[in-house]
Q: 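There's a structure below that I have some questions on.
Values below: all heavy atoms of this structure, side chains included; hydrogens, waters and symmetry mates excluded.
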Amino acid sequence: AFAAGSEFIAVGEVPTFGNQTEQSGLLSSKDGGRTWQFTNLTDVSSTLPRYGGAAGNTWVISGGSFPSGVSALPEGSRRLNRRVIASGARKGASGFKFADAALLNEAASDDDDAWTAELLVSKDAGKTWTSKYHSQGDFYFNEVSCGSEDNCCAVGEADQGERPGVRIWCTADGGEQWTENLFIGNYTYSLTGMEFVSATEA
């Protein structure tokens, strides 16, 4: 979830109900969360929308997926990213833990197609969307943030495949072009959060 001025936005996937198909999209509220409007992004997005950021009329959604062959998550827990598991749905359970090597290795090492990364950009405050970056078989994106309508960055990671490590992708033209500004090739590293604290500092 993120904010754009006084508007609240949540991104993700709506699961299948009845005869409806699963839809990627966003929910937005202009009245402090009392009512919500769904925008379907299935025709634009090739992967799961995960995080969003905004500055002015520029909104960006980062997305991605990773090999999910981990069979035995603890009851009541959910996976925040490939490495981090959050528990707390059950009484007395709380906190976070890193998946151990044995759990991570249950995902087939040759399942590189499961890694996807995507950046969706809107220049009109969420009315229309375009996919400006998409890759498969390399890594996935976590959080994205914008310091101005021109400057936005997103963090990504992978712990296996051809380029394991962490990276930061940025744009200086409002999302039209994205470049990898930082790459650290260490599979034990993780970058989950990204936030601009001014127009140019993140």
Side-chain angles (χ1 to χ4, degrees), residues 1-14 23-33 36-66 78-84 86 115-135 138-158 165-184 189-202:
F2 64 102
S6 61
E7 190 166 356
F8 300 153
I9 302 99
V11 300
E13 221 167 38
V14 178
Q23 298 176 339
S24 298
L26 63 87
L27 290 166
S28 58
S29 175
K30 297 181 179 181
D31 57 10
W36 295 85
Q37 177 70 40
F38 178 69
T39 301
N40 191 342
L41 298 175
T42 306
D43 293 338
V44 180
S45 177
S46 301
T47 188
L48 173 66
R50 304 187 70 232
Y51 294 90
N57 288 325
T58 299
W59 295 13
V60 180
I61 293 174
S62 58
S65 62
F66 46 83
R78 65 188 179 97
R79 187 170 297 283
L80 298 183
N81 63 19
R82 181 161 154 80
R83 290 177 174 274
V84 181
W115 300 96
T116 62
E118 187 166 34
L119 294 165
L120 306 178
V121 177
S122 173
K123 302 293 289 181
D124 54 11
K127 295 180 181 67
T128 59
W129 291 88
T130 306
S131 178
K132 292 296 186 179
Y133 175 83
H134 179 260
S135 74
D138 192 14
F139 71 103
Y140 68 101
F141 278 116
N142 285 314
E143 194 169 11
V144 61
S145 181
C146 295
S148 68
E149 290 192 335
D150 291 328
N151 295 322
C152 303
C153 292
V155 295
E157 62 186 14
V166 294
R167 57 271 278 161
I168 299 176
W169 282 72
C170 295
T171 180
D173 60 6
E176 291 300 315
Q177 301 291 324
W178 293 84
T179 57
E180 185 181 81
N181 287 16
L182 175 72
F183 176 76
I184 302 174
Y189 287 6
S190 178
L191 279 179
T192 303
M194 159 65 71
E195 183 177 356
F196 271 86
V197 294
S198 72
T200 57
E201 184 180 4

Q: Any side-chain to backbone donor/acceptor pair from Ser122 onto Thr128? Under 3.5 Å, distance only.
A: yes

Q: Of all the heavy-atom pairs spanning Ser24 and Thr42, show the shortest one and how long it is.
A: N-OG1, 3.1 Å

Q: Locate the shortest heavy-atom distance separating Ala202 from Met194; write the atom from each residue and the value.
A: CB-SD, 3.8 Å

Q: Supply the atom-to-atom distance Asn40 CG to Trp129 CH2, rounded to the nearest 0.5 angstrom.
A: 13.0 Å

Q: Within 45° of the ring axis of Phe139 and under 6.0 Å from its six-membered ring centre, is that where the NZ or CZ of Arg167 lies?
A: yes

Q: Yes or no on side-chain contact (heavy atoms from CB on, under 4.5 Å) for Leu27 and Trp36, after CA distance, side-chain angles and deciding distance?
A: CA-CA 6 Å; Leu27 290 166; Trp36 295 85; 3.8 Å; yes

Q: With a 4.5 Å heavy-atom cut-off, do Val44 and Leu120 have their side chains touching?
A: yes

Q: Between the side chain of Ser145 and the main-chain N/O of Phe196, is any donor-acceptor distance below 3.5 Å?
A: yes

Q: Could you report the tightest heavy-atom contact between Gly25 and Phe38, atom names first, then the distance?
A: CA-CE1, 4.0 Å

Q: Rounded at 0.5 Å granularity, tell me how far OG in Ser46 sits from CG in Leu41.
A: 11.5 Å

Q: Using only the SG atoms, decide whether Cys152 and Cys170 are less than 2.5 Å apart.
A: no

Q: Taking everything shown except Asp43 itself, do over 12 heavy atoms lie less than 6.0 Å from its CG?
A: no

Q: Throw together a table of side-chain donor-acceptor distances under 3.5 angstrom for residues 55-66, partners on residues two or more places apart or in other chains.
A:
residue, atom, partner, partner atom, Å
Thr58, OG1, Lys123, NZ, 3.4
Thr58, OG1, Glu149, O, 3.0
Ser62, OG, Asn142, O, 2.6
Ser65, OG, Ala114, O, 2.9
Ser65, OG, Thr116, OG1, 2.6

Q: Show the nearest heavy-atom pair for residues Gly53 and Val144, with the distance to one decimal.
A: N-CG1, 3.7 Å

Q: Is a side-chain donor-acceptor pair under 3.5 Å present for Ser190 with Glu157?
A: yes

Q: With a 3.5 Å cut-off and no angle check, do the side chains of Thr179 and Asn181 form a donor-acceptor pair?
A: yes

Q: In Å, rounded to the nearest 0.5 Å, how long is the span from CG of Leu26 to CZ of Phe2?
A: 7.0 Å

Q: Are there over 12 heavy-atom neighbours, none belonging to Glu180, within less than 6.0 Å of that residue's CD?
A: yes

Q: Would you say Asp150 and Asp173 make side-chain contact, with heavy atoms under 4.5 Å?
A: no

Q: Is it true that Lys132 and Glu176 have a side-chain N and a carboxylate O under 4.0 angstrom from each other?
A: yes

Q: Is Glu118 reaching over with its side chain to a backbone N or O of Thr47, donor-acceptor style, under 3.5 angstrom?
A: yes

Q: Could you pull out all residues at least two apart from Lys30 that satisfy salt bridge (charged side-chain N to carboxylate O under 4.0 Å, His left out)?
A: none

Q: Are the side chains of Thr171 and Asn151 in touch, meaning some heavy atoms are under 4.5 Å apart?
A: no

Q: Take atom CZ of Phe183 as the centre, draw a 6.0 Å sphere, and report whether it contains more than 12 heavy atoms from other residues, nucleotides or ligands.
A: yes

Q: Which heavy-atom pair separates Ile168 from Cys153 by the least distance, and what is that distance?
A: CG2-CB, 4.1 Å

Q: Between atom CZ of Arg50 and atom CZ of Phe141, what is the distance when rounded to the nearest 0.5 Å?
A: 11.5 Å

